[in-house]
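Inspection log for the structure reproduced underneath, given as structure tokens.
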Amino acid sequence: GCGGDGGGDSAGGGPGGLTVPKIDKLAALGAGEGEVNVVSWAGYVEDGSTDKSVDWVTGFEKETGCQVNNKIAGTSDEMVALMKTGEYDVVSASGDASLRLIYGGDVAPVNTDLLSNYKDVFEGLKNKAWNSVDGVPYGAPHGRGANLLMYRTDTVTPAPTSWSAVFDPASPHKGKITAYDSPIYIADAALYLMKTKPELNIKNPYALDDTQFQAAVDLLKQQNELIGEYWSDYTKEVQAFKAGNSVLGTTWQVITNLTKADGAPVEAILPTEGATGWSDTWMVSAKAKHPNCAYLWMNHIISPKANAGVAEWFGEAPSNKLSCAETKDPNHCATFHAEDEAYFEQVWYWTTPLAQCIDGRKDVTCKDYSAWTQAWTTIKG
Amino acid sequence: MARLGSYLHRHPRLRLAGLLSAPLLWLVVAYLGALAVLLVSAFWTVNGFTGEVVRQFSLGNFRTILTEEVYRNVALRSLGVAAAVTVICVVVAVPMAFFMAKVAAARSRHWLVIAILTPLWASYLVKAYAWRILLANNGPMDTLFGGPGYGLPATILVLAYMWLPYMILPVYAGLERLPDSLLEASADLGARAGRTFRSVILPILIPSVFAGSIFTFSLSLGDYITVQIVGGKTQLIGNLVYANIGAANNLPFAAAIATVPVLIMVIYLLAVRRSGALEEL
Amino acid sequence: MTDISTPAIRLTGLRKSFGAVDAVAGVDLAIADGEFFSMLGPSGSGKTTVLRMIAGFELPTAGTVELAGRDVTRLAPFERDVNTVFQDYALFPHMTVLENVEYGLKVRRVAKRERRERAEQALASVRLEGFGGRRPAAMSGGQRQRVALARALVNRPRVLLLDEPLGALDLKLREQMQVELKVIQREVGITFVFVTHDQDEALTMSDRVAVFDAGRIAQVGTSEEVYERPRSSFVAGFVGTSNVFTGDVSRTLFARDGVFSVRPEKIEISADTGAPGTVAEVVYAGAVTRYVVDLDAGSRAVVVAQNRHDGAPLAARGQRVHLTWHDEHIVEIPPVAKETAHA
Amino acid sequence: MTDISTPAIRLTGLRKSFGAVDAVAGVDLAIADGEFFSMLGPSGSGKTTVLRMIAGFELPTAGTVELAGRDVTRLAPFERDVNTVFQDYALFPHMTVLENVEYGLKVRRVAKRERRERAEQALASVRLEGFGGRRPAAMSGGQRQRVALARALVNRPRVLLLDEPLGALDLKLREQMQVELKVIQREVGITFVFVTHDQDEALTMSDRVAVFDAGRIAQVGTSEEVYERPRSSFVAGFVGTSNVFTGDVSRTLFARDGVFSVRPEKIEISADTGAPGTVAEVVYAGAVTRYVVDLDAGSRAVVVAQNRHDGAPLAARGQRVHLTWHDEHIVEIPPVAKETAHA
Amino acid sequence: MTLSAPARWALRAVMALGLTFIYVPLLLVLINSFNGDRTFAWPPHDLTTRWWSAAWANDGARQALLTSVQAGLGATAIALVLGTMIAFAVQRFRFFGRDTISLLVVLPIALPGIVTGIALDSAWRSVMGDLGISKGMFSIIVGHATFCVVTVYNNVLARLRRTGTNLEEASADLGASGFQTFRYVTFPLIRSALLAGGLLAFALSFDEIIVTTFTAGPGVTTLPIWIFNNLFRPNQAPVVNVVAAVLIVLSVIPVWLAQRIAGPQAGAGRT
Ligand SMILES: Nc1ncnc2c1ncn2[C@@H]1O[C@H](COP(=O)(O)OP(=O)(O)OP(=O)(O)O)[C@@H](O)[C@H]1O
Ligand SMILES: Nc1ncnc2c1ncn2[C@@H]1O[C@H](COP(=O)(O)OP(=O)(O)OP(=O)(O)O)[C@@H](O)[C@H]1O
Ligand SMILES: NCCCCNCCCN
Ligand SMILES: [Mg+2]
Ligand SMILES: [Mg+2]
């Protein structure tokens, strides 16, 4: 496994004895350095160059004098890779990236006292397993969402209620089912097995021992027969559902909204088993060359207006309580269940799988993320 | 100035050194050096959780690649795609180039060359996406031909589309250089057009075709974007490299996978070099 | 002109235009079976174009091409019983010499065994035994020329077309090949149509010569006819060196109006009788010496004299001399300079 | 050999090897100021390589090159006072004719005005006034040749090197240009070193000729010396056509052992006296007729006779004839075929 | 060549089909730039010019275009210098390893872009990174130039082979120094080859995405990267089509110019 052989300086024990490199948080805010290098999900950092009315960067730049250089990453894995280069200051990391960044020493703890907007963040998002270690926060929560099940209402009848719709080997929609193209999707299978195969005793879809993992992989290999294509960018997903190349599969709320807006007969549900999901956190690089601008950015992006802007443009639930009052669509927070903690109870946020099982088991080793990655290759064949 | 010229005149080796030093520094030291380091790193491993590279010699990556069936399958699939794309490009490019070089009037030749070159400037991504639309359910291809939809055939088709100009150009250049008198001699000796084509044109064209194939073959072998857009659930070797480096940050494993296309291409280049293909690019 | 019943080749009213250029502007010609026929003429006079129409590479704009009495005007090259030796040889670079020679037989599906045998034989007839395995690139110019010849001859065509086959060779080699070509033609006995712009070559090799000028035939006849009795000043000037006299000079020298030509080798230098003049230049050229004489009559004349056993030069530079010639060697050139010759 | 105090060019022990090939295998030569000097020899005999070493394009493997007494062996071409007319003319295709001619002056920073004047003058001297604005591509072969000449002459070099400058021209044009070149050389009075493989050209144009064979000079001398008194059978064979007799034939014909050569134009055909033989071939060549005679002595001889005013052929094919010649025209060829000539 | 009429017609048909094959997707791009639908539903149900105005107002696209042009020019300039130098060395000299040079030069383009990309990326980070030079425009140019050298090399080499050394010798013979010879003779003679090679190099760089992905630093967005980012986000794909359509139309200009300046050979060039 990948036990912590790091030795030396360490602050606190990580999952299963992993140690977190000791990195100091920024003590006090200084003057901005003039620029900040950002890694983000598409749509998180808009400066009006895409659409004049969508801009929460220009104002920030004017106000702080920090020029924003944004690099868009397609997947969590890319984000980790980019942050490892040390060329970036802040990142909008999802839960399956954040721990890797923390334990890799790529990001520093965050001094939340320096973020005036931190106090308005939903408590349900603070100090979670994916954004803190031993109560030390490593970032500012940005927003969250669930990986839903979308289907075309004209072809998929009766309407599905369970993930079984995408795993049924006898599915009438064989060849038109889609799934998210990332190793983390193994968790979706695990979640399904957790509910349908209690004998496997899965407690957390991100903590899978050999047998559990094998069962999930087998299920996905079987599912591969049904898959038309895997998706990772949402234009592709929208277009596939509109054209009918895909009729059933995972989605994000925003994709569903777009597809509907384009007039395609689709619907998305949170299946009975619950779902995986994401909760993103802005984190600051341990090697940040522009730490002050990075803090200014983090504070800005979770401010009610900017946070509302992102949440609406991207299509997710905002992290700041006050954002719900700032959205152009008054129903935005309702649509995305922003204040519905019960809804998010059913959501297993993306978390990086580790060798030391994060569900607390000590007697077995779990499959770590590199195993998940290699398994994903095998699943796709 | 003149004295230097005179000195250099007497010392041709010095002139040669002057010409070669900068390019070789670039290509050998920088490029080959970078490649070598990459290939060496294939023997390292990575800490699965933190993503730190562990510089310890290990054959583990290669063991995985050689034992896991999926890597063999993907490698063979990629090879098949590259070969199929190349064959399609040859089949389409040769008659087109022939028309351009030997049939079309000299004036229109000009415009035909422009017509072949222009698409090189249209973004690769945009073209791939246009194909995604063409290939969609109930899209134009589906309506006209009832398929092929997204998947391996679509990948081959679209890659062939992408690299076709890279095949047409060297073949056209080769045909332009081919003296008409050879074709006339063949006809004179009793050969019909088809025979002339098989016995005279094609063999002489082989270096040019190989030159074009370096593009069609290698660009197909390494592609991971087209296949994501129109390949359905297909994955090729480029996707695996990308998944491991661009995504999983496992440089050693990515490097190990990358040795496969590198090996294939180097063998391919060495093979076609004998035909003189590298001079025809 | 030779009387020909069924000629190997008959061209009737043959024309070819490339856009505005009349490359061939009306050619009528009959070439007998077994003849060694040369087409002589300056660059651009249409020789190659005529040859290409006979071979079938070019469709005539007007007129017909008959081979052995059969109209082939619109047949493809591979349907005609003629073969060509190209000026640049057009050997297939990717085939060995033997494969080149076998090619015509192969496309005609001659059995491998016979093919091989005939090819070897053809190579032997051009004295290239043992070279079959080489590539054309590894042969010298003269050797390539012979491969091209063998490649054409092996098909036993009725007619062999040769477009300046010796043009690329150097002088010595060229002279050798002239002799060889002539010998081979005699041996195989087929009709040769030989294009050249070297008059010496045309005169020494041919049974008959057609002199081309601007897309037309200026004169056809045996070497002697063309050389000794040129029908135009163009022919007189192009075939061999000629002293051409006109106007006042003509009147003084010949007491007549008109254009007259006398060949340099037909003029004698004498001490006292004949047309007076001064030697302007004496050029020693090995086998002959050339005397350039400024005639008092107002023109320049060249006299060529063989350096025979009697050795000494006939005159020195600056010397006063007299030139004489026999009446029979005065060629009067008809006033209409250009006309179409009919064979 | 000419006595030369400070020759325009002196080559001493000049050698050049390309890998295993000895292109030039030891050449010693002195060329006088103002001479028209030709280098004659078969293809590959090293003529061009010698020229290139004189011009400075090639560094000798051994030996020295002196120009007007100065050792220039290791100087770059642009440091030598010689100019070259290349076989393919090497005119700059992207410049006009005038720009081509001006080039040498321009790179030497001659003022624009003078440059223009001298270039126009040079063009006039080769009879190309008014062509300055054209591109070389729009000129005929002969015109290009003259441009190349003007481009070299305008620099007033001490020595002009010409590498087969007429090789690419067709026969008629070539003869014209030979005359013009000679006239120009006389006018400008500078040393010409002229490379050719055409013996006629070499003989008619040169003050002296060097005959090259396999990287060495086989003989140097005036045209007459080289033609009439060849010092080896190679020279005899290469310069002009020659009848070479050896062994038994020599014994029968000359009653001596050795190698003997008699020029075809020095042989007479007579009815009854002389060496008997049979006419194998009669070839009419316009100005001359060639008779090939199979001698009873066992060899073949070629006889050339001018077709003079007395017209009729001397013999017919198959006829029995006798050949005679004067003793002074029998050239005995020294037994050592190849030797290095020293100038 | 002598072809039967049917053969001519068959070839003409193949050419027409081939051109159709090449141009139908491009036409689709053009149509879709007016397609009211955001993800190009087919057939388009309404037409609009709003993507064109959106594209016009899109600073990002303009900035990216500028970046790409800069990167392309930089890479092309380096490729021109290096490619010409190698071509001269190979054509004018005999030396050990000369035969492997062509192999070395094609390698960067023949190896998959991702291999070139990650090799250069990791090398850059370990060497330049230590020197404190982070990735940016310069690293993109370096990456692109590496695989662009071959196009210049091949074009110049072919030209040098064809022109030989005669003209340069003539120039030296007339008294020109090496520099003068290059300026007045060699350069004008290889200019069209440089143009052809340079044009292709620029096109390769201009459209390169994979190598760029790995060699671009933060804050540098080339047009392909911009397209990549925008193609995969909502509302933006049609704007990408507008940009692509504009590019296709604009690209005729350099290609046509090159053909005018350098003759038909140039545009075709040698890939
Ligand atoms: N394919 C062509 N297109 C246009 N013009 C042509 C073509 N072929 C020949 N011509 C022109 O036709 C005329 C006759 O050319 P042709 O080649 O028959 O002359 P030629 O007598 O063979 O000359 P040469 O001795 O130079 O070979 C020339 O003016 C030539 O430029
Ligand atoms: N650059 C070179 N590399 C190798 N061999 C060469 C080179 N230049 C000349 N040679 C060889 O040197 C010999 C002499 O060549 P050179 O060109 O001097 O002959 P030449 O007398 O000028 O012949 P030609 O009449 O054909 O021009 C030939 O065998 C030739 O192949
Ligand atoms: N190995 C680098 C290959 C670069 C080729 N890029 C092709 C882009 C398509 N125009
Ligand atoms: Mg011709
Ligand atoms: Mg030579």
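Proteins get letters first, then strands, A, B, ... in listed order; numbering begins at 1 in each.
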Chain B contacts, top residue of [options] (heavy-atom pairs, under 4.5 Å):
options                       : value
E:L157, E:V149, E:I78, E:V24  : E:I78
E:I227, E:V105, E:T84         : E:I227
E:I248, E:L104, E:L120, E:V29 : E:L104
E:V115, E:N32, E:L247         : E:V115
E:T100, E:T213, E:V142        : E:V142
E:V249, E:V246, E:D99         : E:D99

Please report the closest heavy-atom contact between [X] and [Y], naming both atoms and the distance.
X      : Y      : result
E:P112 : B:M265 : CD-CG, 4.3 Å
E:A244 : B:V126 : CB-CG1, 3.3 Å
E:P224 : B:L125 : O-CD1, 3.5 Å
E:L28  : B:A130 : CD2-O, 3.2 Å

Between [X] and chain E, which part of the residue has a heavy atom less than 4.5 Å away: side chain, backbone, both or neither?
X     : result
B:L32 : side chain
B:L39 : neither
B:A22 : both
B:L16 : both
B:L24 : side chain
B:V37 : neither
B:L38 : side chain

Would you say the side chain of [Y] lies within less than 4.5 Å of the side chain of [X], judging by non-hydrogen atoms?
X      : Y      : value
E:M85  : B:P23  : yes
B:L112 : E:M15  : yes
B:Y124 : E:E208 : no
B:L27  : E:I86  : yes
B:M96  : E:L17  : no
E:Y23  : B:P119 : yes
B:L134 : E:P25  : yes
B:Y242 : E:I210 : no

Please determine whether side-chain contact (heavy atoms from CB on, under 4.5 Å) holds for the pair E:R8 and B:F99, giving the CA-CA distance in whole Å, both sets of side-chain angles, and the decisive distance to 0.1 Å.
CA-CA 8 Å; E:R8 265 165 200 281; B:F99 177 86; over 6 Å; no
Segment of [X] engaging chain B (4.5 angstrom heavy-atom cut-off):
X      : answer
E:S122 : side chain
E:R92  : neither
E:A89  : both
E:F93  : side chain

Winner by heavy-atom pair count (cut-off under 4.5 Å) against chain E, out of [options]:
options                       : value
B:A136, B:A34, B:A106, B:A254 : B:A34
B:G33, B:G238, B:P261, B:A115 : B:A115
B:P95, B:A97, B:A258, B:A255  : B:P95
B:A104, B:P140, B:S41         : B:P140
B:L35, B:I264, B:V266, B:I116 : B:L35

Side-chain (B:Y161) to main-chain (E:I22) donor-acceptor, under 3.5 angstrom:
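Yes; judged by distance alone, with no hydrogens or angles, the pair exists.
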Would you please test B:Y31 and E:T116 for side-chain contact (heavy atoms from CB on, under 4.5 Å) and show each step?
CA-CA 8 Å; B:Y31 183 66; E:T116 299; 3.1 Å; yes
To the nearest 0.5 Å, tell me how far [X] [atom1] sits from [Y] [atom2].
X      : Y      : atom1 : atom2 : value
B:I214 : E:L107 : CD1   : CG    : 10.5 Å
B:L20  : E:F88  : CG    : CZ    : 13.0 Å
B:D223 : E:I114 : CG    : CD1   : 10.0 Å

Tell me whether the rings of B:W121 and E:F206 are parallel (<30°), tilted (30 to 60°) or perpendicular (>60°).
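The arrangement is tilted - the two ring planes meet at 30° to 60°.
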Could you please spell out the steps behind the side-chain contact (heavy atoms from CB on, under 4.5 Å) verdict for E:L111 and B:S218?
CA-CA 6 Å; E:L111 293 187; B:S218 80; over 6 Å; no
